[in-house]
Amino acid sequence: MTKRNRRIDYWHDPDAPMPTSRKASASVFVLDDSGRVLLLRRADNDLWTIPTGGIKKGETVAQCAVRECREETGLEVEVTGIVGVYSDPGHVIAYMHGKKLDEVRQPINVCLRARVTGGRLAPDPREATDVAWVAPAELDAYRIHPAILRRIQHGLAGGEPYVE
């Protein structure tokens, strides 16, 4: 399968295309010892996000989150809990090959908490153009999609897992 070359995220947009599929994904919310959030800038849409990706056949949600974090940031993590489950039908993602619409996905995401156990920050250029530890007070300076910002806010707030 070839890598999609463009992704467009929609959030409660009445002009968004209708979804053609649903797919489960896992994301990982990671804080360092200073309370900074691990973010990466996606190569396919230039938005900042937490490590996230589709769950592969034969893989658990936790295995997916750990793999995606390693692939996208170079860091090894250990899952420590759950931030929440996200399935808002108002979030759809259009995947484009050039000007051709390939798929419009309505995601279902399980966001897990994790802590770093090893590795070093080294983004894979196919996945991310940059990786950074960002203080919560500085998040407004980063272009983050509303669906991802909700996960970050819930992760920072702590408490019971969020479920929609």
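Hydrogens, waters and symmetry mates are skipped; everything else that's a heavy atom, side chains included, is used.
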Would a hydrophobic clustering, with Ile, Leu, Val, Met, Phe, Trp and Tyr connected at side-chain separations under 4.5 Å, put Ile8 with Val92?
yes
For residues Trp11 and Leu47: do they belong to one hydrophobic cluster (side chain heavy atoms under 4.5 Å, members Ile, Leu, Val, Met, Phe, Trp, Tyr)?
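Looking at the clustering, Leu47 is in a separate group from Trp11.
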Donor-acceptor contact below 3.5 Å, side chain [X] vs main chain [Y]:
| X | Y | answer |
| --- | --- | --- |
| Glu71 | Glu68 | no |
| Thr73 | Leu75 | yes |
| Thr20 | Val104 | yes |
| Thr52 | Ile50 | yes |

I'd like to check [X] versus [Y] (side-chain heavy atoms, cut-off strictly below 4.5 Å). Are they in contact?
| X | Y | value |
| --- | --- | --- |
| Arg22 | Arg105 | no |
| Leu121 | Trp133 | yes |
| Ile152 | Leu39 | yes |

If you round to the nearest 0.5 Å, how far is [atom2] of [Y] from [atom1] of [X]?
| X | Y | atom1 | atom2 | result |
| --- | --- | --- | --- | --- |
| His97 | Glu103 | NE2 | CD | 9.0 Å |
| Leu156 | Leu31 | CG | CG | 6.0 Å |
| Asp46 | Arg41 | CG | CZ | 5.0 Å |
| Asp130 | Trp48 | CG | CH2 | 4.0 Å |
| Ile93 | Asp44 | CD1 | CG | 9.5 Å |

For a side-chain contact (heavy atoms from CB on, under 4.5 Å) check, start with the C-alpha distance between Arg42 and Glu127, then their side-chain angles and the critical distance, and finish with the verdict.
CA-CA 6 Å; Arg42 294 185 61 93; Glu127 302 276 352; 6.0 Å; no
For [X] against [Y], the heavy-atom pair lying closest together:
| X | Y | result |
| --- | --- | --- |
| Val134 | Leu139 | CG1-CD2, 3.9 Å |
| Val131 | Pro123 | CG2-CB, 3.3 Å |
| Cys69 | Pro51 | CA-CB, 3.8 Å |
| Ala26 | Ile55 | N-CG1, 4.1 Å |

Only distances under 3.5 Å count here; give the side-chain donor-acceptor pairs of residues 140-150 to other protein atoms, sequence neighbours excluded, each with its distance to 0.1 Å.
from   : atom 1 : to     : atom 2 : distance (Å)
His145 : ND1    : Ala147 : N      : 3.0
Arg150 : NH1    : Glu164 : OE1    : 3.3
Arg150 : NH2    : Tyr162 : OH     : 2.6
Arg150 : NH2    : Glu164 : OE1    : 2.8

Got a list of side-chain donor-acceptor pairs under 3.5 Å for residues 109-116, not counting sequence neighbours?
from   : atom 1 : to     : atom 2 : distance (Å)
Asn109 : OD1    : Ser27  : OG     : 2.8
Asn109 : OD1    : Cys111 : N      : 3.4
Asn109 : OD1    : Arg151 : NH1    : 3.4
Asn109 : ND2    : Ser25  : OG     : 2.9
Arg113 : NH1    : Gly155 : O      : 3.0
Arg113 : NH2    : Gly155 : O      : 3.2
Arg115 : NE     : Glu78  : OE1    : 2.9
Arg115 : NH2    : Glu78  : OE1    : 2.9

In sequence, state the C-alpha distance, the side-chain angles, and the governing distance for Asp32 and Leu38, and then conclude on side-chain contact (heavy atoms from CB on, under 4.5 Å).
CA-CA 8 Å; Asp32 69 3; Leu38 177 63; over 6 Å; no
Does the ring centre of His91 sit less than 6.0 Å away from the ring centre of Tyr86?
no
Do Arg67 and Glu59 sit within salt-bridge range, that is, some charged N less than 4.0 Å from a carboxylate O?
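Yes, Arg67 and Glu59 are salt-bridged.
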